[in-house]
Amino acid sequence: MSRRPSLIKVQIARKELGLADDDYRMILTRLTGHSSAADCSDADLGRVLDEFKAKGWTPKVVAGGRAGARKPESRKARPADHPSAKKARALWLSLWNLGEVRDPSETALEAFARRQLKVERLQWADQALVYKLIEALKAMAERAGWLQGVSGLDPALDPIVVLKARLIEAQNQRLGYPPQIARYADWDEVGLDLLIRRQGEEIRCLPENAR
């Protein structure tokens with residue numbers, strides 16, 4: 001395998017996997033010791049391509065049996081979709097509605113996860129590892145007055161509803177509203193979510209020093 005086709009394949013795979021520049025260079029450095037593919041040997045490039053294949057990239061075989069570029073479905077990276085990542089995303093958005101997170105985007109969550117877990121992409125993190133991310137987000141919530149403990153709850157209570165009612169109470173504290181948690185006991189999740197979003201908008205309108 002000559003070096004130039006390998007360089008081209010690395011760039012194709014990078015684009016099709018939707019890797020940000022920092023993520024791409026982190027992978028290169030980890031596997032080869034170089035931050036640029038141009039400095040890599042044939043063996044280095046082979047290791048990088050093997051890594052990309054393990055992460056889901058498949059080279060297209062064109063006429064003549066040669067590997068070529070697949071037309072990318074989208075250059076936007078696919079959000080992590082395993083259960084732990086979905087829970088982390090829900091916490092991230094809730095913290096945004098509490099005024100603790102300034103940027104609700106997937107990119108911001110990925111950056112936070114990268115710092116916490118030392119992985120290039122949340123989609124590639126083991127679910128057991130994502131537990132550490134969830135615990136870090138819960139710790140942020142607790143510091144902001146949103147209690148996370150659900151052990152010992154009355155079995156008749158839905159833990160998700162309880163957590164959302166507590167989030168609204170934490171929002172009420174930020175907004176200077178009186179405690180009303182008993183009022184939300186019989187609300188469904190749709191009603192709670194609507195109130196959380198509405199009060200989140202109010203919190204984001206507050207001066208920075210009042211949040």
Side-chain angles (χ1 to χ4, degrees), residues 10-31 35 48 51-58 69-146 148 159-160 163-164 166-168 170-171 174 189-190 192-206 208 211:
V10 165
Q11 295 305 317
I12 290 170
R14 169 192 177 183
K15 290 179 180 178
E16 293 184 357
L17 286 171
L19 290 175
D21 188 66
D22 287 348
D23 295 336
Y24 166 68
R25 296 194 186 283
M26 191 182 299
I27 292 172
L28 282 182
T29 302
R30 173 167 57 82
L31 294 175
S35 61
V48 173
E51 175 86 356
F52 288 164
K53 289 173 185 176
K55 295 185 185 306
W57 178 69
T58 305
R70 291 180 302 141
K71 184 178 180 180
E73 295 178 6
S74 171
R75 293 199 177 182
K76 186 176 181 180
R78 180 166 62 94
D81 56 6
H82 47 74
S84 297
K86 290 178 179 179
K87 184 172 183 179
R89 185 177 299 109
L91 279 164
W92 185 256
L93 293 174
S94 294
L95 288 166
W96 178 59
N97 279 314
L98 189 51
E100 288 298 301
V101 165
R102 296 292 181 258
D103 183 351
S105 70
E106 193 70 24
T107 300
L109 173 59
E110 286 282 353
F112 182 82
R114 190 179 304 122
R115 292 192 298 271
Q116 294 291 322
L117 306 181
K118 311 301 181 188
V119 295
E120 291 94 359
R121 291 279 300 283
L122 184 54
Q123 179 70 13
W124 303 335
D126 185 272
Q127 289 197 51
L129 186 60
V130 181
Y131 172 79
K132 294 181 180 179
L133 174 63
I134 291 171
E135 289 305 303
L137 292 169
K138 285 184 176 180
M140 288 175 62
E142 291 275 355
R143 289 193 296 271
W146 177 22
Q148 294 293 301
I160 299 299
L163 285 170
K164 290 186 177 185
R166 289 177 183 171
L167 173 56
I168 292 170
Q171 289 179 316
R174 292 285 171 95
E189 287 192 54
V190 174
L192 292 170
D193 287 339
L194 286 171
L195 183 55
I196 287 168
R197 287 196 294 270
R198 190 178 72 204
Q199 295 201 156
E201 291 173 1
E202 292 182 45
I203 288 172
R204 289 189 290 276
C205 289
L206 293 173
E208 287 285 333
R211 296 184 190 180

Would you say that [X] contacts [Y] through its side chain, given a criterion of any heavy-atom pair below 4.5 Å between the two side chains?
X	Y	value
Q199	L98	no
L28	S35	no
L91	M140	no

So how far is it from [X] [atom1] to [Y] [atom2], rounded to the nearest 0.5 Å?
X	Y	atom1	atom2	result
I168	L163	CD1	CG	11.5 Å
I134	Q116	CD1	CD	12.0 Å
E51	L31	CD	CG	5.0 Å
F112	L117	CZ	CG	9.0 Å
R114	M26	CZ	CE	5.5 Å
R89	S84	CZ	OG	11.5 Å

Please report the closest heavy-atom contact between [X] and [Y], naming both atoms and the distance.
X	Y	value
A170	A144	CB-O, 4.4 Å
Q148	A141	NE2-CB, 3.6 Å
L137	A88	CD1-O, 3.5 Å
L95	W146	CD2-CE3, 4.4 Å
A113	L122	CB-CD1, 4.2 Å
V10	Y24	CG1-OH, 3.6 Å

Legend entry - Flag, side chain of Q171 to backbone of I203, donor-acceptor distance under 3.5 Å: no
Inset, instruction - Measure from NZ or CZ of R14 to the centre of the six-membered ring of W57 and say whether it is under 6.0 Å with the direction within 45° of the ring axis. - result: no
Inset, instruction - Report the residue from R143, K138, R174 that forms a salt bridge (Lys or Arg N to Asp or Glu O under 4.0 Å) with E100. - result: R174
